[in-house]
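As structure tokens, the structure follows; a few thoughts come after it.
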Amino acid sequence: MDKISKVMLTSFITNILLAIFKIISGIIGASGALIADGIHSLSDMITDVFAVIGNTISKKPADYEHPFGHGNAEYLTCLVIGLIVAFMGINVIKEGILKTSTIPNMLTSIIVLITIIVKIILSSYLLKKGKEYENDILVSSGKESFSDVISSFIVLISVLLSKIFNYSDKIAMIIVGLLILKIAFEILKENISNLLGKQVLDKDYIDNIKQIIKSHKDIIDIDELIIIKYGSFKKIDCEVVMDKNMILEKVHKRIDHIEKEIKEKDKTVANIIIHVNPN
């Protein structure tokens, strides 16, 4: 099991325990909002399963039909995650509208506090590891988990207000559902953009690639540098300026050497194409 799958396994176990804990507590404490929050945690668990599957597929090496590897499976997985989250949000809103108003047991407030603390730790962990491993699946899962923190906080407020406002539980359910839909929209928007071929805009990373290229004395200048992200992998298209009087064989060797150096320094670079413009 790779390091990303281990992170997702931790998230999966945490979410399944939280989902069961919230749903049972919501039934006992007569809190529809807490049950909705448990469904939200259940959606986290489902997305974790898809995340592990997507991560496994995205790590498959390049082949004849997929010369840039299978990194885009990462974005497809995130789209599935976004659709699942949207479905959960719509159902929570529907249940909030249709359910009968109830006054939750105040013991549920303690339960909600516990779940808030656990989810803050989990979402921070997922976001940290997602950025560390440059993995969009972990980042999407972390964002979805953080939305669970917000929804749990809304449930807590609804429980505290339930004694003076009978409809607070219903309203909390609808707000939780809207928050879930917001997260779904953000996940879908980001990963549709990635599937269309999103360019890497990290200035430090781009500068490092330029530095490697320009460190070779035969390179006069860089006319263009485009880096496209394919899941965990990258494709680099570059145009460099070289002396028009250089021997073709020497030009070929120099470009070949640059490509190998970049790949050695960054294992996530799956493909490099360097075009030479004569000066």
Side-chain angles (χ1 to χ4, degrees), residues 4-5 7-16 18-20 22-23 32-33 35-60 66 69-99 119 122-123 125-127 129-131 133-152 154-155 172-198 229-233:
I4 294 172
S5 295
V7 173
M8 295 314 304
L9 180 61
T10 301
S11 178
F12 176 81
I13 293 171
T14 304
N15 283 318
I16 194 169
L18 275 176
I20 294 169
K22 286 180 181 180
I23 292 171
I35 294 172
D37 203 23
I39 293 170
H40 190 185
S41 291
L42 190 63
S43 74
D44 286 351
M45 182 195 73
I46 295 170
T47 58
D48 289 342
V49 174
F50 278 97
V52 172
I53 295 171
N55 178 63
T56 302
I57 297 172
S58 69
K59 296 301 180 186
K60 288 175 65 178
H66 308 91
H70 297 75
N72 276 351
E74 188 173 312
Y75 304 138
L76 289 171
T77 302
C78 290
L79 289 178
V80 174
I81 289 174
L83 291 172
I84 291 172
V85 174
F87 177 77
M88 295 287 186
I90 292 169
N91 273 282
V92 167
I93 292 171
K94 184 180 74 173
E95 289 298 318
I97 293 171
L98 297 177
K99 80 178 287 289
K119 288 300 286 190
L122 180 62
S123 61
Y125 173 68
L126 288 170
L127 289 170
K129 291 299 180 182
K131 291 175 182 177
Y133 300 150
E134 295 184 352
N135 185 275
D136 288 288
I137 294 177
L138 290 181
V139 172
S140 292
S141 189
K143 287 179 180 178
E144 210 281 327
S145 289
F146 187 72
S147 73
D148 206 8
V149 175
I150 300 171
S151 65
S152 294
I154 292 169
V155 173
M173 285 184 72
I174 295 169
I175 294 173
V176 168
L178 290 171
L179 282 172
I180 295 172
L181 281 180
K182 180 178 180 293
I183 293 296
F185 174 76
E186 289 174 355
I187 291 173
L188 290 169
K189 180 184 175 183
E190 174 71 16
N191 288 283
I192 287 172
S193 176
N194 287 334
L195 270 174
L196 293 174
K198 190 172 182 181
K229 200 161 180 271
Y230 287 87
S232 300
F233 301 100

- Query: Should we count CZ of F87 as having more than 12 external heavy atoms under 6.0 Å?
  - Reply: no
In I97, I90, N91, the residue satisfying side chain to side chain contact (heavy atoms under 4.5 Å, CB included) with I93 is I97
Residues L126 and S11: closest non-hydrogen pair is CD1-OG, 3.6 Å
All N/O donor-acceptor pairs, side-chain side in residues 173-188, below 3.5 Å, sequence neighbours left out:
residue : atom : partner : partner atom : Å
K182    : NZ   : E186    : OE2          : 2.6

In short, K119 meets N15 closest at the heavy-atom pair NZ-OD1, 2.6 Å
The side-chain hydrogen bond (donor to acceptor under 3.5 Å, both in side chains) partners of K189 (sequence neighbours excluded) come to none
